[in-house]
Q: 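Here it is, the structure in full.
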Amino acid sequence: MTTENVNCLIIGSGPAGYTAAIYAARAGMKPVLYQGAQPGGQLTITTEVDNFPGYPDGVQGPQLMMDLEAQARRFGSDIRYGVVTDVDFSGYPHKAIVDEQHEITANVVIISTGASAKWLGLPSEMRLNGHGVSACAVCDGFFFRGHDVAIVGAGDTAAEEASYLANLCRKVYMLVRRGEMRASKFMQNRLKSLPNVEILWYTETEEILGEQEVTGIRVKNVTTGEERIIDVTGFFVAIGHKPNTGIFKPFIELDENGYILTEKGSSRTNVPGVFACGDAQDNIYRQAITAAGTGCMAALDAERFLAMKEVELHEVQTV
Ligand code: NDP
């Protein structure tokens with residue numbers, strides 16, 4: 001096992017991690033960022049991003065992430081391939097293991113490991129991902145203006161995304177696998193008031209149809225066994241997200257869904273010197289721009305923490 005001491009360790013490379021790196025590097029914190037298993041994060045599997053400020057003509061998701069990475073490198077961020085496979089926040093400085101073979105000690109740690117959308121696991125879903133299949137209505141709904149689409153899920157996210165899509169699309173089929181929804185009553189009532197949303201109860205997706213692009217779906221009523229084909233050009237999956245926070249669980253307080261709990265109005269976790277930003281700690285907004293905003297907060301909070309540590313050290317030395 002090799003060892004190394006760094007000042008500021010950033011774990012994860014979505015908009016939150018890269019923004020934290022930009023701010024940390026500019027503040028002279030010499031950040032070292034490990035990109036994780038999916039360098040660039042969730043945006044690298046989307047196409048056009050039209051809602052990130054600063055791109056009047058839109059930008060491709062992968063390009064946006066390359067731009068953020070280049071901006072972080074410009075100020076001297078040390079951006080590395082590698083997955084942080086374990087951490088130990090029980091002492092100070094904090095410890096992290098990269099790819100099970102390189103131990104890092106860090107004065108501050110910024111967690112920006114994001115979340116991953118859950119998928120149904122159908123082969124056709126993977127094949128048509130980005131070609132009509134999406135896990136983000138707010139990102140991709142715009143491309144289906146005037147079209148008929150389907151969305152699977154029955155929680156608050158699915159309900160919110162279905163009503164978002166209802167504003168854009170001609171018809172929205174909502175596929176609910178049981179006879180009730182998990183979404184709040186308020187959201188359910190809102191959905192029921194939308195004339196172009198049709199809720200299909202007890203309905204599971206068997207297959208997404210289409211060679212190059214989505215042309216329809218084959219669904220099954222699980223109570224009657226009846227199958228039918230619905231013509232849609234967009235298929236949205238909204239069955240929840242899984243925050244990538246498993247390795248932090250022994251040390252960092254998480255909510256019941258695994259999202260990191262931060263102090264209100266800050267990026268501070270329960271462990272001094274460990275900060276969290278982006279989707280790993282946000283199950284409400286989950287946008288690239290909000291992730292970037294919290295990445296900025298984390299770098300500023302980390303900078304303040306280091307400044308306080310220095311004052312403490314100075315006081316100890318002068319006593
Ligand atoms: P949830 O876990 O709440 O809901 C997931 C939904 O997907 C469930 O209805 C579940 O069905 C369904 N589902 C899961 N797997 C499958 C599958 N294989 N096939 C079909 N359906 C499936 O996730 P959300 O992302 O909706 O919400 C996460 C959290 O974030 C919740 O606490 C929610 O309240 C919160 N949230 C709050 C918002 C707000 O306050 N504005 C907005 C969005 C989210 P089943 O019910 O049968 O298990």
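Counting convention: from 1, in listed order, for ligands and their atoms alike.
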Q: Donor-acceptor pairs are to be reported for all side-chain atoms of residues 27-35 against protein atoms at under 3.5 Å, with residues two or more places apart or in another chain.
A:
from: Tyr34; atom 1: OH; to: Arg80; atom 2: NH1; distance (Å): 2.7
from: Gln35; atom 1: NE2; to: Tyr18; atom 2: OH; distance (Å): 2.9
from: Gln35; atom 1: NE2; to: Glu69; atom 2: OE1; distance (Å): 3.4

Q: Tell me whether Glu227 at atom CD has more than 12 heavy atoms from other residues, nucleotides or ligands lying less than 6.0 Å away.
A: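 Atom CD in Glu227 is crowded, with more than 12 foreign heavy atoms closer than 6.0 Å.
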
Q: Checking Glu204 now: which residues fulfil side chain to side chain donor-acceptor pair (under 3.5 Å) with it, not counting sequence neighbours?
A: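 Not a single residue meets the side chain to side chain donor-acceptor pair (under 3.5 Å) criterion with Glu204.
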
Q: Other residues, nucleotides and ligands only: do more than 12 of their heavy atoms fall within 6.0 Å of NZ on Lys95?
A: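 No, the 6.0 Å shell around NZ holds no more than 12 heavy atoms from other groups.
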
Q: Quick one: hydrophobic cluster around Tyr164, which other residues, with the 4.5 Å side-chain cut-off, linked directly or via members?
A: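 ILVMFWY cluster around Tyr164 also holds Val138, Leu168.
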
Q: With a 6.0 Å cut-off (strictly less than), is the heavy-atom count around OH of Tyr173, excluding the residue itself, greater than 12?
A: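 Enclosed.
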
Q: Dump the pairs for me: ligand 1 N or O, protein N or O, distance under 3.5 Å, to 0.1 Å.
A:
from: ligand 1; atom 1: 9 (O); to: Ala154; atom 2: N; distance (Å): 3.3
from: ligand 1; atom 1: 9 (O); to: Gly155; atom 2: N; distance (Å): 3.4
from: ligand 1; atom 1: 11 (O); to: Arg177; atom 2: NE; distance (Å): 3.4
from: ligand 1; atom 1: 25 (O); to: Thr157; atom 2: OG1; distance (Å): 2.6
from: ligand 1; atom 1: 26 (O); to: Asp156; atom 2: N; distance (Å): 3.2
from: ligand 1; atom 1: 26 (O); to: Thr157; atom 2: N; distance (Å): 3.0
from: ligand 1; atom 1: 26 (O); to: Thr157; atom 2: OG1; distance (Å): 3.2
from: ligand 1; atom 1: 34 (O); to: Asp156; atom 2: OD2; distance (Å): 2.6
from: ligand 1; atom 1: 41 (N); to: Glu160; atom 2: OE2; distance (Å): 2.9
from: ligand 1; atom 1: 46 (O); to: Arg178; atom 2: NH2; distance (Å): 2.8
from: ligand 1; atom 1: 46 (O); to: Arg182; atom 2: NE; distance (Å): 3.0
from: ligand 1; atom 1: 46 (O); to: Arg182; atom 2: NH2; distance (Å): 3.3
from: ligand 1; atom 1: 47 (O); to: Arg177; atom 2: NE; distance (Å): 2.9
from: ligand 1; atom 1: 47 (O); to: Arg178; atom 2: NE; distance (Å): 2.7
from: ligand 1; atom 1: 48 (O); to: Arg177; atom 2: NH2; distance (Å): 2.9
from: ligand 1; atom 1: 48 (O); to: Arg182; atom 2: NH2; distance (Å): 2.5

